[in-house]
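Below, each value reflects all heavy atoms present in this structure, side chains not excepted, and no hydrogens, waters or symmetry copies.
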Amino acid sequence: MLVSFALAIAGLLALVLIERRHAAPVVPLGFFTKMRSAAPLLAMMLIPAGQAGFLYFAALFTQNALGFTPLQTGLSVLPFSAALLVTNVLTSRLVTRLGERIVGSLGMAGLLAGLVWMSRIDAADTFAGGLLGPFVLLGLGAGLTIAPLTAVIMHQAPPAHVAAASSLNQAMQQLGGTLGLAVMTTVYGSAAAGGAGEAGAIATALTAGVVFPLLALTLFAAWVRPTTTTH
């Protein structure tokens, strides 16, 4: 695993060196020279890092600790999906009234609180007692986060780099999910090898994952500026 991380860092450095010398870079490095433009992109990477981890470990817990079938595990995620759909419908209205910064910050705070709540899970928990509440809160947070964050990224992009901003937006989401899952499964494996037990190892991994929405919220709240007029 450490070798994989080292190779990833080397690949990132190579990308930066190549893009700096290219006349028409695929990834304009100007997006990352100022925190106002870099912060929303970094936040967009960090949000899926926490989301991918919680969905993966929720599946592990429901099947390995609660004895759910794969079908039951899939159905157990419906509260998350329902909360996500509800807030997706309402987010545009909320952004119009409150602005992206407030709505996005509320969403990230919801994701952070949901992941902290879920990280307290233990072997004695049932689905209703250990997962239902966090699922709903995480769904509400996710629904309030992605759209405002995407809007900020696109609005702040220079007209000549709108296409690049859109591509970076998607790339950051994919990169974040991969990064988060890699980090959290590494923590999970170490905790399991140390004798923490299935539920204990999952809780440890989720605790480590809390850092992702926390950093995203910090970046977004501190550096992002409103792009819409509130009413």
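Nearest heavy atom pair, residue Gly104 against residue Thr145, reads O-OG1, 4.1 Å. The two residues Tyr56 and Thr185 have their closest heavy-atom pair at CE2-CG2, 3.6 Å. The two atoms that bring Glu100 and Ala151 nearest to each other are OE2-CB, 3.9 Å, heavy atoms only. Ala58 and Met118 get closest at one heavy-atom pair: CB-CE, 3.6 Å. Summarising the geometry of Ser119 relative to Thr207, their closest heavy-atom pair is CB-OG1, 3.5 Å, with the distance given to 0.1 Å. Pairing each heavy atom of Ser92 with each of Thr96, the nearest pair is O-OG1, 2.9 Å.
Side-chain heavy atoms closer than 4.5 Å link hydrophobic residues (I, L, V, M, F, W, Y) into clusters, and following such links, possibly through other members, connects Leu131 to Phe54. Linking Ile, Leu, Val, Met, Phe, Trp and Tyr residues whenever their side-chain heavy atoms come within less than 4.5 Å places Leu149 and Leu115 in a single cluster. Residues Trp117 and Met184 are members of separate hydrophobic clusters, defined by side-chain heavy-atom contacts under 4.5 angstrom among Ile, Leu, Val, Met, Phe, Trp and Tyr. Val187 and Leu206 fall into different hydrophobic clusters, where Ile, Leu, Val, Met, Phe, Trp and Tyr are joined by side-chain heavy atoms under 4.5 Å apart, directly or via other members. Residues Phe80 and Leu132 share a hydrophobic cluster, clusters being chains of Ile/Leu/Val/Met/Phe/Trp/Tyr side chains in contact below 4.5 Å.
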Atom pairs and distances, side-chain donor-acceptor, residues 63-72, under 3.5 Å, sequence neighbours left out:
from  : atom 1 : to     : atom 2 : distance (Å)
Asn64 : ND2    : Glu198 : OE2    : 3.1
Thr69 : OG1    : Gln72  : N      : 3.1
Thr69 : OG1    : Gln72  : OE1    : 3.4
Gln72 : OE1    : Thr69  : N      : 2.9

Show me the donor-acceptor pairs within less than 3.5 Å that the side chains of residues 37-51 make with the rest of the protein, sequence neighbours left out.
from  : atom 1 : to    : atom 2 : distance (Å)
Ser37 : OG     : Phe31 : O      : 2.6
Ser37 : OG     : Lys34 : O      : 3.1

*Check the pair Phe135, Phe127 against side chain to side chain contact (heavy atoms under 4.5 Å, CB included), reporting the backbone distance first and the verdict last.*
CA-CA 10 Å; Phe135 273 9; Phe127 171 75; 3.9 Å; yes

*Under the side chain to side chain contact (heavy atoms under 4.5 Å, CB included) criterion, do Leu106 and Val103 qualify, and how do the steps go?*
CA-CA 5 Å; Leu106 287 174; Val103 176; 5.6 Å; no

*Decide side chain to side chain donor-acceptor pair (under 3.5 Å) for Thr62 and Thr73; before the verdict, give the C-alpha distance in whole Å, the side-chain angles of both, and the deciding distance to 0.1 Å.*
CA-CA 6 Å; Thr62 52; Thr73 292; 3.0 Å; yes

*asked:* Set out, in order, the CA-CA distance, both residues' side-chain angles and the distance that settles side chain to side chain contact (heavy atoms under 4.5 Å, CB included) for Trp223 and Met35, then state yes or no.
replied: CA-CA 6 Å; Trp223 293 101; Met35 280 304 298; 3.4 Å; yes

*Applying side chain to side chain contact (heavy atoms under 4.5 Å, CB included), run through Val183 and Phe212 and close with a yes or a no.*
CA-CA 11 Å; Val183 170; Phe212 297 122; 4.1 Å; yes

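The structure places CG of Leu90 at 11.0 Å from CG of Leu85, a figure rounded to the nearest 0.5 Å. Between the CZ atom of Arg101 and the CZ atom of Phe220 there is a distance of 8.0 Å, given to the nearest 0.5 Å. A distance of 8.0 Å separates OG of Ser76 from CG of Leu78, quoted to the nearest 0.5 Å. The distance from atom CE of Met172 to atom CG of Leu179, rounded to the nearest 0.5 Å, is 11.0 Å. Put simply, CD1 on Ile202 and OH on Tyr188 are 5.5 Å apart, with the number rounded to the nearest 0.5 Å. Atom CG of Leu144 sits about 12.5 Å away from atom CD1 of Ile102, to the nearest 0.5 Å.
Residue pairs that meet the side chain to side chain donor-acceptor pair (under 3.5 Å) test with at least one member in residues 169-178, sequence neighbours left out, do not exist here.
Side-chain contact between Ser105 and Leu217 is present, with at least one heavy-atom pair separated by less than 4.5 Å.
Remark: the backbone N or O of Gly141 is not paired with any side-chain donor or acceptor of Thr87 at under 3.5 angstrom.
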